[in-house]
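Report on one structure; see the data block that follows.
Sequence positions, counted from 1, serve as the residue numbers for this chain.
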Amino acid sequence: MSKPVIAIVGRPNVGKSTLFNRIVRERRAVIEDVPGITRDRLYGTAEWNDKTFLVVDTGGFQIAPDEDISRQVNKQALIAVEEADIIILLMDAEGGVHPSDTGLIDKLRASGKRVFYAVNKIDGLNDEKLLYDFYSLGLDLFPLSALSGKGYEELMDGISALLPEAETEVSAYPRIAIVGRPNVGKSTLVNSLLGKERMIVSPVAGTTRDAVDSVCSYYKKKYIIVDTAGIRRKGRMAETVERYSFMRTVKNIEDCDVALLVLDASAGVVELDQKIAGLIFQAKKGAVILFNKWDLVDKGLLSMKEVEEQVYQKLWFMRYAPLLTISAISRQRVTNLFPLTDKIIAEGARRIDTHELNEFLAGVLARKELPMYKGKKVKIYYLTQIRTNPPGFVVFTNYKEGIKEQYIKFMEGRLRERFSFRGVPVEFFIRQRKKGK
């Protein structure tokens with residue numbers, strides 16, 4: 001089931017990025033007191049009242065843009081409105097009602113979408129006076145301060161009431177997203193998997209403009225294959241259709257069971273490959289790294305071991321993902337993807353008994369002691385698994401700050417030696433046990 005999408009729109013400098021950061025609970029958007037600083041949409045996954053959704057931050061909408069870049073920002077905001085299930089129109093109490101506000105209100109009414117009209121920067125003694133002009137618009141308003149959080153819960157409670165309940169039923173078919181930069185062979189790979197020309201394939205980079213789903217059968221088992229548009233560098237994403245394709249690609253990564261990251265073996269790992277891999281990692285998805293066009297590589301100059309060293313050096317954060325050399329055109333090792341995908345899905349759903357985990361923990365602690373913290377001995381009391389897809393583990397300790405990232409990486413390495421979890425990310429959450437417990 002696709003996550004609902006909530007888009008934040010409004011004119012420049014009304015606090016959209018501040019609200020976005022509060023919703024996703026992290027500082028991802030750039031915040032600066034300069035109008036128009038956020039020119040590109042940003043995306044994040046958030047949760048409220050046990051409901052998960054995607055939130056989209058947009059650039060500032062202007063009713064009469066006088067520059068080409070402002071017109072592009074307007075297009076992006078309207079695309080976000082088209083794609084979203086729920087809209088938050090954020091306005092600025094201190095600036096009063098602006099023509100860009102009323103222009104957006106008219107467009108949102110025409111869209112037929114569910115809109116929450118929020119008035120930001122309400123945090124003082126003259127709140128009612130500031131809101132007077134906004135009430136004259138005849139709207140149901142949500143006064144708030146995105147910075148301090150005042151009124152924020154009321155807004156999110158109202159939004160979450162309209163969101164669907166989380167779907168626990170597993171999809172009938174595994175969903176595989178094929179992602180990568182343009183012209184690395186994604187559509188050729190889909191055609192090879194399907195055994196037919198399902199996609200338009202061209203040597204011109206970026207032929208696939210949008211995600212397309214296909215049902216594929218392998219030994220009587222069905223899979224949904226999603227071929228996504230190639231993600232370009234920001235400087236080459238000026239066209240509206242390119243921005244739309246990026247948004248759809250992000251959503252398809254979020255919704256997939258396993259992501260296949262396609263790289264061009266003749267070019268190696270480039271910076272854009274790293275960024276796309278980062279999207280998969282941030283979404284906490286199972287993954288396979290595909291070194292495509294392997295038939296074009298001189299095997300006398302590059303061994304498989306050297307390939308692995310080069311790839312994992314650049315994609316160090318995805319060492320859990322298996323690497324497979326393929327040729328989409330000749331179908332070399334292409335059918336290996338299906339059993340590998342099945343294995344990764346099974347690993348993501350794997351749950352380890354607490355007793356077995358703590359036997360494992362005893363071995364880890366015996367192998368490498370925890371360093372002292374402020375002159376005191378750091379203890380780990382026990383380890384337990386709290387979720388699957390992706391697997392998540394809680395470490396209970398007496399000093400949370402005493403468990404450093406290096407030790408968690410060491411523990412993850414030993415966990416994978418013992419239990420594998422091949423192809424899926426794992427997460428550790430450190431909790432300090434209260435005294436007396």
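Checked against a 6.0 Å centroid threshold, the rings of Phe419 and Phe360 count as neighbours.
More than 12 heavy-atom neighbours from other residues, nucleotides or ligands sit within 6.0 angstrom of CD on Glu306. Shown here is Lys284, whose NZ atom has more than 12 heavy atoms of other residues, nucleotides or ligands within 6.0 Å.
Of all heavy-atom pairs between Ala321 and Ala287, the closest is CB-O, 3.5 Å. Val378 and Leu370 get closest at one heavy-atom pair: O-CD1, 3.7 Å.
With a 6.0 Å cutoff to the six-membered ring centre and a 45° limit on the axis angle, Lys368 counts as a cation-pi contact of Phe410. Seen from the ring of Tyr312, Lys314 does not count as a face-on cation partner, given the 6.0 Å and 45° thresholds. For the pair Arg22 and Tyr152, the cation-pi test (distance below 6.0 Å, angle within 45°) is passed.
Between the side chain of Lys285 and the main chain of Cys256, a donor-acceptor pair closer than 3.5 Å is present. Side-chain N or O atoms of Asp257 include none that pairs as donor or acceptor with a backbone N or O of Pro174 at under 3.5 Å. In this structure a side-chain-to-backbone donor-acceptor pair under 3.5 Å is missing from Arg11 to Asp101. Side chain of Asn120 to main chain of Val14: a donor-acceptor pair is present (N/O by atom type, distance under 3.5 Å, no hydrogens or angles).
Using a 4.5 Å heavy-atom cutoff, the side chains of Val395 and Arg431 are not in contact.
Considering CG of Asp140 and CZ of Phe116, their distance stands at 9.5 Å, rounded to 0.5 Å.
A donor-acceptor pair shorter than 3.5 Å can be found between the side chains of Asp342 and Tyr223.
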